[in-house]
Protein chains: 2
Amino acid sequence: MKILKSQLTATQKMQYEARAKIIKAIAHPSRLFIIEELEKGERCVNDLTDMIGADVSTVSKHLSVLKNAGLIGDKRSGNNIFYYLRTPCILGFFGCLEDVIESNARQQGEILLACKTKR
Amino acid sequence: MKILKSQLTATQKMQYEARAKIIKAIAHPSRLFIIEELEKGERCVNDLTDMIGADVSTVSKHLSVLKNAGLIGDKRSGNNIFYYLRTPCILGFFGCLEDVIESNARQQGEILLACKTKR
DNA sequence: TTCATATTTGGCAATATGGCAAAATATCCA
DNA sequence: TGGATATTTTGCCATATTGCCAAATATGAA
């Protein structure tokens, strides 16, 4: 007879889905850039578009994804709509990302080295 | 004449893509669960499958996504393949997620309240 | 009101993702 | 070797994401 480990409850499942939704919103190169840029100060679509180098409508959509996830807010000032970071704690995560990337690079290096020494 | 802000360099672009790739790997309810579970100790596909309640092949794919991003490692022991967390710092991020979720909930509450008082 | 600027929306094509089932692989044991 | 168990890979389909263009909307100024 097979012993089943405790399954995920509906509540837990919802919790993971809520988290995943937010992480998904961050999981795009342009959106990562936007978050970092907004940490420096408020920006409007046009500012970001120039830097990213994509269509304005594309950047606008990225902003709406971030806004929809509750990560950024916006306020209109005349003809411009300025976006701002609502939860700066996100940035603490970036250091960890670098750790992962470095660790991956190191491992790749080791594999390369292992191949070389074998010859 | 339009003044262009400094555009992203190719190197910066690559950096954001590398980060996004890792975040993308985390951005799924089941994979979030797997990461948390692996923090408790090594697990094999079957353990996780029972808890998640999806097909084994699906969970196996999730594990390969995490492995491919360099977040987890694996080692065979007889008939089982055990997965382990390679970068526990990921977990520090989860607290921030909860902050965002709570903040979103609070805002929703305010909107609701505002609607009520208007009546 | 009309024009110019800033921004969002809708539509569409290309691509990526997620999940199941069946087939393939790997290991252990008799 | 052959069978049992554990895991991954492949094929297929439904759905989601991304990005551009064109059209719509909002604001300010003449």
Side-chain angles (χ1 to χ4, degrees), chain A residues 1-5 7-8 13 16-17 19-34 37-38 42-69 71-84, chain B residues 1-5 7-8 13 16-17 19-34 37-38 42-69 71-84:
Chain A
M1 181 188 152
K2 191 165 191 173
I3 296 161
L4 284 186
K5 297 264 169 79
Q7 285 212 197
L8 275 164
K13 221 177 146 190
Y16 283 112
E17 275 161 11
R19 289 180 184 178
K21 193 194 156 197
I22 295 167
I23 303 182
K24 238 175 165 178
I26 317 177
H28 188 284
S30 300
R31 296 200 287 265
L32 281 174
F33 170 76
I34 290 171
E37 192 61 23
L38 290 190
E42 303 180 342
R43 299 279 187 277
C44 55
V45 186
N46 214 40
D47 298 334
L48 297 165
T49 301
D50 290 340
M51 294 182 262
I52 292 170
D55 196 274
V56 200
S57 67
T58 302
V59 178
S60 174
K61 262 177 198 171
H62 283 310
L63 285 167
S64 86
V65 171
L66 290 172
K67 192 182 159 189
N68 204 262
L71 295 166
I72 64 176
D74 64 336
K75 56 182 172 193
R76 173 159 234 138
S77 166
N79 239 338
N80 295 285
I81 297 180
F82 286 96
Y83 287 91
Y84 57 90
Chain B
M1 183 190 150
K2 191 165 191 172
I3 296 161
L4 286 184
K5 298 262 168 80
Q7 288 213 199
L8 276 164
K13 220 176 145 188
Y16 284 111
E17 276 161 11
R19 289 180 183 177
K21 193 194 156 195
I22 294 167
I23 302 182
K24 240 176 162 176
I26 316 177
H28 187 284
S30 301
R31 297 200 288 265
L32 281 174
F33 169 77
I34 291 171
E37 192 61 25
L38 291 189
E42 303 179 343
R43 299 280 187 276
C44 56
V45 186
N46 215 39
D47 298 333
L48 298 166
T49 300
D50 292 340
M51 295 183 261
I52 292 171
D55 197 275
V56 201
S57 66
T58 302
V59 178
S60 176
K61 248 184 207 173
H62 284 312
L63 285 167
S64 85
V65 170
L66 289 171
K67 192 181 158 190
N68 204 262
L71 294 166
I72 65 176
D74 64 336
K75 55 183 171 190
R76 186 178 272 272
S77 165
N79 238 338
N80 296 284
I81 297 179
F82 286 96
Y83 287 90
Y84 57 90

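As the structure is a prediction and not an experimental result, all values here were calculated from the model. Just so we're on the same page: letters track the sequence lines, and every chain starts at 1.
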B:Lys24 side-chain N/O to C:dT17 phosphate OP1/OP2 under 4.0 Å: yes
Whole-Å gap separating P (C:dT8) and CG (A:Asp74): 8 Å
Close residues, residues 58-67 of chain B, relative to DNA chain C [heavy-atom separation under 4.0 Å]: B:Thr58, B:Lys61, B:His62
Nearest-angstrom distance from the residue atom CD1 of A:Ile81 to P of C:dA6: 12 Å
Protein-to-nucleotide contact annotation, 5' to 3' order, nucleotides 22-30 of chain D [B base; S sugar-phosphate only; - none; under 4.0 Å, heavy atom]: B---SBS--
Rounded interatomic separation in angstrom, taking CD1 from A:Ile72 and C1' from C:dT7: 13 Å
B:Lys75 NZ - D:dT7 P separation (whole Å): 15 Å
Nearest-nucleotide pick for B:Asn80, side chain only, options being C:dT7, D:dA6, D:dT8: D:dA6
Spacing of A:His28 atom NE2 relative to C:dA16 atom C1', expressed in whole Å: 12 Å
For atom CG of B:Asp50 and atom P of D:dT7, their distance in whole Å: 10 Å
Nearest to side-chain heavy atoms of A:Arg31, which nucleotide of C:dT8, D:dT18, D:dT8: D:dT18
Atom-pair distance (CD1 on A:Ile26; P on D:dT18), nearest Å: 13 Å
Expected output: side-chain A:Arg19 to main-chain A:Lys21 donor-acceptor under 3.5 Å: no
Flag, side chain of A:Thr49 to backbone of A:Val45, donor-acceptor distance under 3.5 Å: yes
Charged tip of B:Lys75 within 45° of B:Tyr84 ring normal and under 6.0 Å: yes
